[in-house]
Amino acid sequence: MTENLIIFNARLVTPVGFEARKGRDMGRLLMMDNATVEVTDGIITYVGPNRGEDRDGYWQGYWHYNARGRCVLPGFVDSHTHFVFGGERAEEFGWRLRGDSYMDIMRRGGGIASTVKATRASHFIQLRTHAEDFLKRMSRMGVTTVEGKSGYGLDLATELLQLKVMRSLNNDECKRVDIVPTFLGAHAVPEAYGGRTDAYVDFLIHEVMPVVKEQSLAEFCDVFCEEGVFSIVQSRRLLQAARMMGFGIKLHADEIVPLGGAELAAELEAVSADHLLHASDAGIRLMADRNVVATLLPLTAFALREPYAKGREMIDAGCAVALATDLNPGSCFSGSIPLTFALACIYMHLSVEEAITALTLNGAAALRRADRIGSIEVGKQGDMVVLDTDNYHFLTYYIGMNCVHATIKGGVIYPCD
């Protein structure tokens with residue numbers, strides 16, 4: 001559903017451009033007071049000063065929205081989540097508080113394996129209902145586009161089921177959030193392939209990925225490139241095969257140990273490399289040179305009590321940095337956009353302006369959509385966020401609290417109170 005909409009008396013705050021912003025350019029935003037944005041059939045057709053009400057037919061056929069000086073930003077793009085899954089893992093959170101590591105929990109049958117068991121036992125309606133609830137919560141925090149990963153099936157049937165849930169939600173006429181689906185069959189090695197990781201990679205390449213592609217269920221292919229999961233060699237083989245099939249490629253890289261995932265992402269010219277808590281300086285420079293978006297997930301570092309990724313250093317090295325929540329049932333059961341903003345600025349030393357770019361235009365670039373979303377410019381989708389304030393610094397100053405007044409998707413206004 002799209003609408004014709006005129007927003008006026010807005011304080012416009014937006015990055016500009018149709019590709020990722022890198023380095024210092026991430027801190028450069030267009031700001032305009034007393035601004036008007038017009039959306040026609042869901043697409044932005046005018047951005048500029050208020051034009052008054054004297055033009056013939058100016059109001060005809062359009063909803064009009066008086067922003068009353070509030071900040072209007074592009075819709076937030078959460079470019080890394082795992083929001084379709086069965087079950088929950090609340091007990092594991094207590095284990096981590098007791099000192100058990102992420103990998104220790106995985107080795108004792110918890111972690112991803114626990115969610116795989118619950119997801120395999122779930123049916124379509126259960127998964128869809130649960131996922132739809134997450135999407136509504138995301139929308140209330142200003143998210144208008146989200147990436148969703150499979151990876152809790154680790155078999156053909158359940159991987160397809162997760163992706164079909166996303167397709168169903170994406171085809172909803174009244175959807176409030178666009179979904180970009182990613183195949184993450186290489187999220188862990190299932191018990192049936194214990195000790196035979198290469199054979200599992202073969203299974204994914206030859207029996208699962210062709211079906212995913214044939215049914216157009218995913219745009220990207222991702223891999224958990226990590227010690228004890230998928231090695232550099234295995235990740236390279238999987239992603240090269242994915243690229244040959246026409247998938248965009250992504251990596252979970254250097255999250256737990258410095259394995260060289262950032263370097264692999266640069267070598268393959270991946271769309272993005274995500275996590276990067278332990279990325280090397282050389283890997284960061286290579287990613288900057290090869291235009292790989294560094295997608296950072298501060299909520300996960302917070303939840304795992306791990307060091308934060310070197311966001312400041314990445315930007316200073318010329319990287320395009322995106323921010324995302326990593327909403328998932330284990331290592332980060334949170335989709336909080338407000339807390340993501342705060343952690344990125346307080347602990348990764350991004351400026352507020354850089355964080356805005358990271359959660360809008362650069363998040364869009366991490367999904368190959370910077371030409372369509374991520375900024376308020378003519379020709380892009382009418383996806384926007386209206387804050388409850390005329391001061392965009394509240395995004396980080398109001399720590400962990402939602403200051404979104406309304407979310408606008410394709411010209412349709414969804415109040416958040």
Side-chain angles (χ1 to χ4, degrees), residues 1-8 10 12-15 35-47 61-67 70-79 81 83-84 128 131-148 165-181 219 324-325 327 335-338 340 356 359-388 392 395 402-417:
M1 182 173 64
T2 60
E3 286 287 357
N4 298 334
L5 173 69
I6 296 171
I7 305 168
F8 59 100
L12 189 69
V13 180
T14 181
T36 285
V37 181
E38 294 178 11
V39 180
T40 306
D41 293 329
I43 303 298
I44 297 171
T45 50
Y46 173 81
V47 179
Y62 285 80
W63 292 99
H64 53 280
Y65 180 86
N66 187 348
R70 298 185 183 96
C71 289
V72 176
L73 289 79
F76 299 138
V77 180
D78 193 348
S79 57
T81 81
F83 75 95
V84 180
R128 192 187 191 280
E132 188 173 28
D133 184 59
F134 281 128
L135 293 177
K136 291 176 181 177
R137 293 169 187 264
M138 292 174 189
S139 175
R140 288 195 288 268
M141 289 183 285
V143 173
T144 52
T145 299
V146 65
E147 186 247 23
V165 167
M166 291 184 228
R167 182 171 65 184
S168 171
L169 291 165
N170 233 4
N171 290 338
D172 193 320
E173 283 187 0
C174 300
K175 67 179 176 180
R176 296 167 61 159
V177 181
D178 282 325
I179 302 164
V180 180
E219 183 173 334
T325 66
L327 169 66
S336 175
I337 293 296
T340 298
I356 289 171
L359 265 160
T360 55
L361 185 59
N362 284 6
L367 301 177
R368 297 196 300 197
R369 279 165 168 70
D371 60 332
R372 288 175 266 173
I373 58 173
S375 60
I376 302 175
E377 297 180 80
V378 171
K380 293 199 175 184
Q381 291 181 22
D383 295 355
M384 288 166 277
V385 175
V386 183
L387 301 185
D388 240 336
Y392 63 87
L395 288 167
N402 190 20
C403 60
V404 173
H405 180 75
T407 301
I408 299 169
K409 179 65 185 171
V412 180
I413 302 170
Y414 296 98
C416 295
D417 51 11

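Computed from heavy atoms alone, side chains included, the values below leave out hydrogens, waters and symmetry copies.
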Shortest non-hydrogen pair, A364 vs G374, comes out as CB-CA, 4.1 Å

Can you find a heavy atom in the side chain of I6 that is under 4.5 Å from one in the side chain of Y65?
no

Q: Could you check if a side-chain atom of L359 sits within less than 4.5 angstrom of a side-chain atom of V77, using non-hydrogen atoms only?
A: no

Worksheet item: So, does R140 use its side chain to make a donor-acceptor pair with the main chain of M138 at under 3.5 Å?
Response: no

Here the pair of heavy atoms bringing I179 nearest to N170 is O-ND2, 2.7 Å

Is it true that the side chains of Y62 and T40 contain a donor and an acceptor less than 3.5 Å apart? yes

Just do the salt bridge (Lys or Arg N to Asp or Glu O under 4.0 Å) check on E132 and R137 with the steps written out, would you? CA-CA 9 Å; E132 188 173 28; R137 293 169 187 264; over 6 Å; no

Non-hydrogen side-chain atoms of M384 and I7 separated by less than 4.5 Å: yes

- Starting from the C-alpha separation in whole Å, work towards a yes-or-no answer on side chain to side chain contact (heavy atoms under 4.5 Å, CB included) for F83 and V146. CA-CA 9 Å; F83 75 95; V146 65; 4.2 Å; yes

* Asked: Can you find a heavy atom in the side chain of I337 that is under 4.5 Å from one in the side chain of V143?
  -> yes

_Check E377 with R372, please: is the shortest side-chain N to carboxylate O separation under 4.0 Å?_
no

- Query: Can you find a pair of side-chain heavy atoms, one from L395 and one from L387, that are under 4.5 Å apart?
  - Reply: yes

Q) Which is it for V39 and N4 under the side chain to side chain contact (heavy atoms under 4.5 Å, CB included) test, yes or no, and what are the steps along the way? A) CA-CA 5 Å; V39 180; N4 298 334; over 6 Å; no

Counting C-beta onward and ignoring hydrogens, is there a side-chain heavy-atom pair between N402 and V404 closer than 4.5 Å?
yes

Residues D371 and R368: closest non-hydrogen pair is OD1-O, 4.0 Å

inquiry  = Donor-acceptor pair, distance only, cut-off 3.5 Å: does the side chain of D388 make one with the backbone of H405?
reply    = no

Separation between CD1 (I43) and CD (Q381), nearest 0.5 Å, reads 5.5 Å

For V385 and P74, the nearest pair of non-hydrogen atoms, with its separation, is CG2-O, 3.7 Å

Would a distance-only check, ignoring hydrogens and angles, find a side-chain to backbone donor-acceptor pair under 3.5 Å from T407 to S139?
yes

- request: Flag the pair I408 / L5 as yes when at least one side-chain heavy-atom distance between them is below 4.5 Å, and no otherwise.
  value: yes

So CG of L12 and OG1 of T36: to nearest 0.5 Å the spacing works out to 10.0 Å

- Message: Donor-acceptor pair, distance only, cut-off 3.5 Å: does the side chain of D383 make one with the backbone of I373?
- Response: no

Under-4.0 Å salt bridge between K409 and D178 = yes

(Q) Under a 3.5 Å distance rule, please check whether E147 uses its side chain to pair with a backbone N or O of T81 as donor and acceptor. (A) yes

side-chain hydrogen bond (donor to acceptor under 3.5 Å, both in side chains) filter on T325, not counting sequence neighbours, yields D78

**Message:** Determine whether F134 and L327 satisfy the following criterion, side chain to side chain contact (heavy atoms under 4.5 Å, CB included), listing intermediate values before the conclusion.
**Reply:** CA-CA 9 Å; F134 281 128; L327 169 66; 3.8 Å; yes

Note: A67 and V72 closest approach over all heavy atoms is CB-CG2, 4.3 Å

- Under 3.5 Å, is there a donor-acceptor pair between the S375 and K380 side chains? yes

**Prompt:** Do T340 and F76 have side-chain heavy atoms sitting under 4.5 Å apart?
**Reply:** no

Nearest heavy-atom approach of M141 to G335 is CE-O, 3.1 Å

Here the gap from D172 atom CG to L135 atom CG, rounded to the nearest 0.5 Å, amounts to 9.5 Å

